[in-house]
K.L.:
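Below are the structure tokens for one structure; questions will follow.
All figures in this text were calculated on a predicted structure; none of them were measured in a lab. These values consider heavy atoms only, across backbone and side chains, with no hydrogens, waters or symmetry-generated copies.
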Amino acid sequence: MAPPPPRLLAGGDHSPPPTSTSSPEHPLLSAHLLLPDPSPSDLSSPHLPHALAFSFLTHPSPLPRRLLLLLHAAGGRFPAFYHSFSSALLSLPFPLLLPHPRARLLLAAAELTRAAAPGFAPLLLSLLRRVPFPGDARLLDRIREHSSFLVAEEPQLLASAVFAFLRLLARNRLAPFPRSAECSNCEECKSAKNLEECGEKLVSFCVSVLRDHFQVCTLIGRDLVRSLHELVLVPEFQGLWKDLILARNVDICRVVTPGWCTALSISPEMETQLLFLMNNVKWGSQKRYQLWFARKHLMVPGGEERIPDIVRFICCGYLPTNEVIQSGVIARWAVIGWLLTSCSKGYIVANAKLALFYDWLFFDETKGNVMNIEPAMLLMLNSISQYVDITNMLLEFLFLLIENYEVRRKEAIEQSVRCAFTVLVKKGVLPSLELLTCCEKLSPLLRQKLVAFLSSTTPVAAVEACLKPINEVSKAAELKKRVCSN
């Protein structure tokens, strides 16, 4: 009796067997059973992409040269073959891949990149969103090796690699993964050990690409400056900041960070679950989903350090439609409010608040998107009724940013923040700034400071507004919802 085919995924009590049509392994296994030993005679077979993907992922080392030749022969004859092969590899849930298939996936990505095969970019992008993981040093080597080619053919992919590794370095600098003798073999510890070993390579790669291909890196937008700010104490980045960034950060900060960029710093599983939360979960039902998300992604080593990146994704990477906004699902601002209250470390709270207000500091009505600044305003407004401390905390932090974020550009930052307030009213996010300037629940000092700040552009309106007290901000229908409602 022939031995059973090798497994691709780690099975569990609740996982369907590979023979089940509901298993992610099923398409690859079915193709393998039809073409157990792919050959040039199978080039026209519709099952070849999945069968060859199965062979790539399961064949013992070293990989036979005939499989590489077959891959490129099929790709040369059928232009869509490479895309089908990549899609087959991407169809498997990465976290469940067994160690050998996971290593083989890196090998397949390297081979497609070396051949500049169509479809290699999505595969590399998917792997970039997984770092750190055992073996990611090889991913770095492949991208470094082909960086000149990527500049010409896939500049967004190279910029994505720089941003993904910058965020990884920033998170690890603040809170390296803890390792102990009791858990030295767990996945997080292996990832931490791997990152520690290739940390110098990561720094060298990011610095060299930033110096040699700076224009490509500006595709990242203003979050490039945010990331480098967090790494400015690292000697290599300190020199880069003085030599290159300091003179150009004004221009970089005018570029709005694209949504695809903010998605790079969270895993695809996190993105899927966050989108489900903000598209499907109704008000009042979100607590158990939030708890499940926290246990899965935040209550793990290094998990809490991802909160600022999650906030940036919610602000810039996900823009709900009017239908979603009116459907009664939990709003973006409420998810961010929950994340802020989930932080146990002061520096994470500070970084999360910076992530929330970052677009305010450089807002330009002609280029900026009001949806990027909307969550901060709605969080402040909707917190007044029962959680006014959150509103006070956020307003105080905003004023601290205005005063201290970049002293040389203080006036420009003030102008951008005033513009943000004005556009939020103009676009109907809130009916009037009186909801803040006239709210007696706010800290008197912050309220006075806000009126003085806004009166710099509209003195009469601000003073008049302050003379009309509003005791219950929650009278507006939109303000009845709660940040932490159960």
K.L.:
Go through it in stages, so that I can follow the logic: the residues are R130 and S267, the test is side chain to side chain donor-acceptor pair (under 3.5 Å), and I'd like the CA-CA distance, side-chain angles, deciding distance and then a yes or no.
P.N.:
CA-CA 6 Å; R130 308 292 184 176; S267 70; 5.4 Å; no

K.L.:
Can a side-chain donor-acceptor contact be found between N369 and E374 if the only test is distance below 3.5 angstrom?
P.N.:
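Distance-only check fails for E374 and N369.
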
K.L.:
Hey, are K449 and E396 close enough for a salt bridge, meaning a charged N less than 4.0 Å from a carboxylate O?
P.N.:
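The answer is no: the pair does not qualify as a salt bridge.
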
K.L.:
Verify salt bridge (Lys or Arg N to Asp or Glu O under 4.0 Å) between E304 and K345, making sure each step is shown before the conclusion.
P.N.:
CA-CA 9 Å; E304 198 171 315; K345 302 169 185 173; 5.3 Å; no

K.L.:
Could I get the full list of ring pair (Phe, Tyr, Trp, His ring centres under 6.0 Å) partners for F313, not counting sequence neighbours?
P.N.:
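Here no residue qualifies.
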
K.L.:
For S383 and M380, indicate whether the former's side chain and the latter's backbone hold a donor-acceptor pair under 3.5 Å.
P.N.:
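Checked: no pair found.
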
K.L.:
Okay, side chain of W283, backbone of V329: is any donor-acceptor separation there less than 3.5 Å?
P.N.:
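Present.
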
K.L.:
Can any side-chain N or O of K282 pair as donor or acceptor with the backbone N or O of S327 at less than 3.5 Å?
P.N.:
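Between the backbone of S327 and the side chain of K282 there is a qualifying donor-acceptor contact (under 3.5 Å).
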
K.L.:
Enumerate donor-acceptor pairs with a distance under 3.5 Å from any side-chain N or O in residues 314-326 to protein atoms, sequence neighbours excluded.
P.N.:
residue	atom	partner	partner atom	Å
Y318	OH	N279	OD1	3.1
Y318	OH	N279	ND2	3.4
T321	OG1	E323	OE1	3.4
T321	OG1	V324	N	3.3

K.L.:
Which is it for Y347 and E305 under the side chain to side chain donor-acceptor pair (under 3.5 Å) test, yes or no, and what are the steps along the way?
P.N.:
CA-CA 9 Å; Y347 68 87; E305 278 69 23; 2.7 Å; yes

K.L.:
Taking N392 for its side chain and S443 for its backbone only, find out whether a donor-acceptor pair lies under 3.5 Å.
P.N.:
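The answer is yes, because a donor-acceptor pair under 3.5 Å joins these two groups.
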
K.L.:
Test of understanding: with side chain to side chain contact (heavy atoms under 4.5 Å, CB included), list the residues that count as partners of S87, not counting sequence neighbours.
P.N.:
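Expected list: none.
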
K.L.:
Would the number of heavy atoms belonging to other residues, nucleotides or ligands and lying under 6.0 Å from CD of E414 be above 12?
P.N.:
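Yes, because the 6.0 Å sphere around CD of E414 holds more than 12 heavy atoms from other groups.
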
K.L.:
Ignoring hydrogens and geometry beyond distance, is a side-chain donor-acceptor pair present between H297 and Q273 at under 3.5 Å?
P.N.:
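Distance-only check passes for H297 and Q273.
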
K.L.:
Between the main-chain N or O of K201 and the side-chain N or O of R144, is there a donor-acceptor pair closer than 3.5 Å?
P.N.:
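Yes: the side chain of R144 pairs with the backbone of K201.
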
K.L.:
Is there a donor in the side chain of E236 and an acceptor in the side chain of S204, or the other way round, less than 3.5 Å apart?
P.N.:
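Looking only at side-chain atoms, S204 and E236 do not form any donor-acceptor pair under 3.5 Å.
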
K.L.:
Is it true that atom CZ of R295 has more than 12 heavy atoms of other residues, nucleotides or ligands lying nearer than 6.0 Å?
P.N.:
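No, because the 6.0 Å sphere around CZ of R295 holds 12 heavy atoms or fewer from other groups.
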
K.L.:
Step by step, would you call D309 with R226 a salt bridge (Lys or Arg N to Asp or Glu O under 4.0 Å)?
P.N.:
CA-CA 11 Å; D309 288 325; R226 181 176 74 92; 3.4 Å; yes

K.L.:
Strictly by modelled atom types, are R167 and S227 linked by a side-chain donor-acceptor pair under 3.5 Å?
P.N.:
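Side-chain D/A pair, R167 to S227: present.
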
K.L.:
Check whether NZ of the Lys or CZ of the Arg R312 lies under 6.0 Å from the centre of the six-membered ring of Y358 and within 45 degrees of that ring's axis.
P.N.:
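R312 over Y358 ring: no.
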
K.L.:
Quick check: are there more than 12 heavy atoms from other residues, nucleotides or ligands sitting under 6.0 Å from CD of E145?
P.N.:
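Yes - once you tally the heavy atoms of other residues, nucleotides and ligands closer than 6.0 Å, there are more than 12.
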
K.L.:
For the residue pair H229 and Y405, categorise the inter-ring angle as parallel (less than 30°), tilted (30 to 60°) or perpendicular (more than 60°).
P.N.:
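The rings of H229 and Y405 stand perpendicular, inter-plane angle above 60°.
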
K.L.:
Are W360 and F357 close enough that their ring centers fall under 6.0 Å?
P.N.:
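So the answer is yes for these two rings.
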
K.L.:
Is the NZ or CZ atom of R254 both under 6.0 Å from the centre of the six-membered ring of F362 and within 45° of that ring's axis?
P.N.:
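Ring-cation test returns no.
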
